[in-house]
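Have a look at the structure below before the remarks.
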Amino acid sequence: MRWWNRAKLLWSYLRKSERVPALPVEYIVETTAKCNLYCPMCPRETHKQPKEDMADEIFERLVQGARRTGEHMMLIGLGEPLMDTDIFDRIEYCERHGVSTLLSTNGVLLDEKAAQKLLDSKLEHITLSFDGSTKETFEHYRKGARFERVRDNFVRFAQMKHERGSKMQIVIQMVKMPGNAHEIDAFRAYWSAVPGVDQVRVKEDETNLVQPEGNRESRPCHYLWRGAMYVKHDGRVYPCCQSYMLDGAPVGDLRDQPLDEIFNSDQMRQLRRLHAVGRAGEIDMCARCCTAVPHPLLVAGSLVLHGKWVRRAMPVVERLVYGRKLPKELLKPAREDLIQINSKR
């Protein structure tokens with residue numbers, strides 16, 4: 001079923017169809033809007049969030065609707081996933097319905113007990129966010145967190161994963177910003193040496209808070225055809241990962257609409273129509289978006305392969321592009337650097 005869903009998504013993308021007879025391969029799911037830190041580069045500082053979790057009915061409706069076609073759900077959003085008391089149950093629920101899960105954490109709550117529970121779960125991939133190599137820089141960007149505590153939590157978690165021989169993919173990530181760019185080399189050197197870390201990632205900021213220039217690419221945005229759709233904690237659904245933060249309107253609501261109806265709502269069809277004819281700049285959120293639009297060849301490749309293989313292949317493609325062994329046009333504008341690490345230490 002999933003390969004046929006991908007085939008229909010690919011055909012619709014290549015034809016630039018406004019109606020898609022399929023469903024996204026991935027979703028960004030905000031299971032909680034609560035967070036325990038203040039980060040000046042985070043969109044929640046301009047979009048105030050309630051202290052609420054996603055209701056079970058909304059989450060279950062999403063998974064039920066996506067279970068035959070969805071390949072992974074990223075349980076992230078504008079909240080800290082480990083503040084969701086049901087996060088481990090949600091991971092298990094997705095696994096039970098054949099959908100793999102990913103999450104990202106700021107690490108404050110990743111103590112030994114939480115690390116054990118994560119490693120006992122079926123979580124496939126986790127991003128550990130660590131925006132600096134020194135205490136001063138880290139605590140500037142992660143206000144409310146202690147440098148030593150988060151660093152030690154991440155190191156312990158990676159080592160526990162390594163000792164277990166777990167296949168969970170661990171990525172340690174820094175968002176590159178003016179105040180931490182000078183620490184990139186030290187960041188890479190430190191985390192590359194930690195057993196259990198699979199990738200070290202330096203990612204350009206895409207929040208439009210410290211990088212306000214929009215994306216001027218003319219390619220149709222693949223997110224409108226393949227996903228990821230962004231599901232807010234209250235059930236509102238947005239067309240892509242950046243749309244809510246850029247003040248775009250929701251394209252549906254899971255509280256009263258099925259997933260297939262939302263994916264082909266009038267709003268989604270209008271967005272695809274404008275992108276297909278090169279008029280994306282008329283859409284305010286798209287005109288201001290800083291996210292890179294991959295070459296159609298990469299988009300096609302991401303739909304030929306299952307999502308888990310795409311996730312493993314993309315770092316290789318990016319390293320080849322950034323190493324000038326492949327044309328830069330494949331990933332333009334370049335937004336992130338990755339180091340692949342052999343985790344079999």
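These numbers come from the heavy atoms of this one structure, side chains and all, not from hydrogens, waters or symmetry mates.
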Taking every non-hydrogen atom, the tightest pair across [X] and [Y]:
X      : Y      : result
Thr105 : Ile126 : CG2-CD1, 4.0 Å
Arg272 : Phe263 : NH2-O, 2.8 Å
Leu78  : Gln49  : CD1-NE2, 3.7 Å
Val197 : Ala158 : CG2-CB, 3.9 Å

State whether the number of non-hydrogen atoms from other residues, nucleotides or ligands found under 6.0 Å of [X] atom [atom1] is greater than 12.
X      : atom1 : answer
Arg68  : CZ    : no
Lys122 : NZ    : no
Glu136 : CD    : no

Subject >> Distance in Å, Thr32 OG1 paired with Leu82 CG, rounded so as to fall on 0.5 Å steps >> reply: 10.5 Å
Subject >> Tyr238 and Arg236: side chain donor to acceptor below 3.5 Å >> reply: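 On atom types as modelled, these side chains qualify, holding a pair under 3.5 Å.
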Original post:
If you measure only the distance, is there a donor-acceptor pair under 3.5 Å linking the side chains of Gln270 and Arg273?
Top reply: yes
Original post:
If Ile, Leu, Val, Met, Phe, Trp and Tyr residues are connected whenever their side-chain heavy atoms lie under 4.5 Å apart, and connections chain through other members, are Leu9 and Leu14 in the same group?
Top reply: yes
Original post:
Looking at the rings of His47 and Tyr244, which for Trp means the six-membered one, are their centres under 6.0 Å apart?
Top reply: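 Yes.
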Original post:
Looking at the rings of Phe130 and Phe147, which for Trp means the six-membered one, are their centres under 6.0 Å apart?
Top reply: yes
Subject >> Whether Ser17 side chain and Val20 backbone form a donor-acceptor pair below 3.5 Å >> reply: no
